[in-house]
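Worksheet for the structure shown next.
This structure is a prediction, so every number in the text was calculated from the model and none was measured. Throughout, protein chains are lettered first and strands after them, A, B, ... in sequence-line order, and every chain is numbered starting at 1.
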Protein chains: 2
Amino acid sequence: MTEQKQSPNSRPYRMQRRAEQVDETRQRIVDAAVHLHGTVGPSGTTIAGIAAAAGVTRLTVYRHFPDDLALYSACSAHWLSQQVVPDPARWEQYADPAERLRVGLADLYRFYRDGQAMLLGVYRDKALLPEAIREAIDNDDRAFREFLLAAFDVDGEKERRLRAVIGHATSFWTWRSLTQGLTDDEAVDAMTTLILAT
Amino acid sequence: MTEQKQSPNSRPYRMQRRAEQVDETRQRIVDAAVHLHGTVGPSGTTIAGIAAAAGVTRLTVYRHFPDDLALYSACSAHWLSQQVVPDPARWEQYADPAERLRVGLADLYRFYRDGQAMLLGVYRDKALLPEAIREAIDNDDRAFREFLLAAFDVDGEKERRLRAVIGHATSFWTWRSLTQGLTDDEAVDAMTTLILAT
DNA sequence: TATTCAATGAACAGCGCCGTTCCATCAAAT
DNA sequence: ATTTGATGGAACGGCGCTGTTCATTGAATA
C-alpha cells in the first residue's frame, strides 16, 4: 500500500483493519443477543444483558443498533443464516398431496427441532416483537400452509377445513405438543393422517 | 371468615355488618384482578392496576393478599366458581372410547371457548404464575388426558402414542389453533379421528 | 507523528414497579 | 360516648430497566 504524507487539516480516513474490528464488535453483540434470545427468550433479553454478554458497554450496543428493530433484524438474519430453512420450492416436485405433505411437514419439523430453543422463545414472546418481525414470521407461516394446501384440488367448505387443519399441522406449537410423546416421524404421520382424513 | 381479636382491656368485638363490608372490599379486589387477568393477562396485571380498578389503595390490596399466591388462589377459585368446569366423572358412563372421546372433548372445548379470554392469558403466562397454581393447572390437564386414555385397552408403544395424541387433543392451544378455521364440533371430529387412527 | 474515531466509563433523568411505614379518617360496634 | 379496626393518603427506599450526555482512552491510520 502506498502512503502519502498529508497536511494536518483534512484527510479522508479509509478504515481497513479498523473496519474489521468494528464488524467484530458488532458481531459479538449480535451473537450475544441471539444467545440470550435462545435462552432467556426475547422478553428476558435486555440491552444491559446483551452488552454484558458481549463484553461491551450499553452505549456501544445503542450505537450499533439505534432501535429494537435494527437489533432484532440483525439477530434474525444472522440466526436464519446458520439454519437450514425449510424451503417450499423444494417440495414443489411432489405433486401428490400426501407425498408433499410428508415431505413438507418433515422438513418443517426438522427445522423446528433444530431451532427449538430460539423458536420457543420467539413464538412465546411473539406479541412483544417489533411489528415488522412479527409480520415476517406470520408471512412465512402462511406461506408454508398455503403451499401445502395448494397440492389439493379443493374449494369451498372443504378448502376452509383443509386450510385450518394444515395450518394447525404446520404450527410450531403443534410440533411442540406432539413431540412431547412422539418422534418427529410419528408426528408427521399423525398430522398427515389427520389432514388426509379431513 | 374474619376473626375477632382481644385487647387487654376489654370489650370483645364481633363484627357483623362491618365484616360484610370487608368482604365486599375483598370481593371488589378479586373481581378487579380477575378482570385484568382476563384482559391484559397475568403478566400485565400489577398491584397498582388492581387497586385502581377496584377503587382501592395499593395498601388495601396488600393487606387482603399478603403475597401473589394468596391473590392468585382467590382469583382462580372465584373464576372457576362461575365456570361450568369440565367434569370427567360425567364422562364415565361412556365406556366406548370413541364416544367418551367425543363427549369429553366437546365438554373440554366448550369450557375453553367460554373461558377463552382468561385461559388465553393464563396459558400464555403460565411460567410466571406461582408454583402452586401452575401445578394445579398441570394436574387438571393431566387428569383429562388420563381419563380419556383410560377408555382404551392398550399398553406399551401404542399406549405411549395414544397418550401423546390425546394430550395434544386436550391442550388448550390445540383447541385455539384448530378453531381459527373450524367450529368446535369440527375440531372435536378432527381430533377424534386423529386419535382413533393412532 | 499527528489525526481520526470506535469504544469506554461515569453520570444523569426518567419510568414503573415493588413492599413497607406512619398517621389520619370515620363508620361500626360496644 | 368510646373503642375498634378497615381503609385512605402520603411518603420512603429499593430495584432494574430505559435512553441520553460528556469527556477520555487508545489503537489504527495517514
Side-chain angles (χ1 to χ4, degrees), chain A residues 1-30 32-33 36-37 40-72 125 128 130, chain B residues 1-30 32-33 36-37 40-72 125 128 130:
Chain A
M1 47 181 81
T2 331
E3 312 290 313
Q4 296 183 357
K5 284 210 167 180
Q6 300 292 349
S7 60
N9 241 351
S10 68
R11 264 139 292 307
Y13 192 78
R14 309 196 185 293
M15 306 189 288
Q16 308 175 49
R17 172 150 166 65
R18 195 89 184 266
E20 291 170 17
Q21 296 179 328
V22 174
D23 285 349
E24 272 169 30
T25 300
R26 181 190 169 94
Q27 195 52 48
R28 286 218 316 282
I29 295 173
V30 172
L36 286 174
H37 284 159
V40 296
S43 69
T45 301
T46 67
I47 300 288
I50 293 171
V56 147
T57 304
R58 277 199 306 137
L59 184 50
T60 302
V61 176
Y62 282 124
R63 260 198 242 98
H64 277 275
F65 306 98
D67 51 55
D68 278 2
L69 180 55
L71 181 55
Y72 277 87
D125 300 337
L128 307 173
Chain B
M1 144 161 283
T2 316
E3 311 277 318
Q4 66 266 29
K5 294 177 183 170
Q6 288 279 359
S7 71
N9 247 351
S10 54
R11 296 152 206 101
Y13 191 79
R14 306 185 193 296
M15 304 191 288
Q16 306 172 43
R17 202 166 302 157
R18 194 90 184 264
E20 292 171 15
Q21 296 179 327
V22 174
D23 287 349
E24 273 168 29
T25 300
R26 180 189 170 95
Q27 196 52 49
R28 286 220 314 283
I29 294 172
V30 172
L36 286 175
H37 284 160
V40 297
S43 70
T45 301
T46 67
I47 301 288
I50 294 171
V56 148
T57 304
R58 275 198 307 138
L59 184 52
T60 302
V61 176
Y62 283 124
R63 269 195 288 254
H64 278 274
F65 305 98
D67 52 56
D68 278 3
L69 180 56
L71 181 56
Y72 277 87
D125 301 337
L128 306 173

What integer distance in Å separates [X]:[atom1] from [N]:[atom2]?
| X | N | atom1 | atom2 | answer |
| --- | --- | --- | --- | --- |
| R26(B) | dT7(D) | CZ | C1' | 16 Å |
| I47(B) | dG19(C) | CD1 | P | 6 Å |
| E24(B) | dA27(C) | CD | C1' | 14 Å |
| L71(B) | dC18(C) | CG | P | 11 Å |
| I50(A) | dA7(C) | CD1 | P | 16 Å |
| L69(A) | dG19(D) | CG | C1' | 17 Å |

Inset, instruction - May I ask you to evaluate whether H64(B) reaches the phosphate of dT7(D), defined as a side-chain N or O under 4.0 Å from OP1 or OP2? - result: yes
Inset, instruction - Using a cut-off of strictly less than 4.0 Å, decide whether Q21(A) has a side-chain nitrogen or oxygen near OP1 or OP2 of dA27(D). - result: no
Legend entry - N/O donor-acceptor pair under 3.5 Å between R58(B) side chain and A48(B) backbone: no
Legend entry - T60(B) backbone acceptor or donor facing T57(B) side chain under 3.5 Å: no
Inset, instruction - Could you please name the option among dG19(D), dG19(C), dA27(D) that lies closest to any side-chain atom of Y62(A)? - result: dG19(D)
To the closest 0.5 Å, what do you measure between [atom1] ([X]) and [atom2] ([Y])?
| X | Y | atom1 | atom2 | result |
| --- | --- | --- | --- | --- |
| Q27(B) | E20(B) | CD | CD | 13.5 Å |
| L71(B) | I29(B) | CG | CD1 | 8.5 Å |
| R28(A) | D23(A) | CZ | CG | 12.0 Å |
| T25(A) | R63(A) | OG1 | CZ | 10.5 Å |

Distances under 3.5 Å between protein N/O atoms and the N/O atoms of nucleotides 8-12 of chain D, please, pair by pair.
unit_1: dG8(D); atom_1: OP2; unit_2: T57(B); atom_2: N; d: 3.1
unit_1: dG8(D); atom_1: OP2; unit_2: T57(B); atom_2: OG1; d: 3.4
unit_1: dG8(D); atom_1: OP2; unit_2: T60(B); atom_2: OG1; d: 2.5
unit_1: dG8(D); atom_1: N7; unit_2: R63(B); atom_2: NH2; d: 3.3

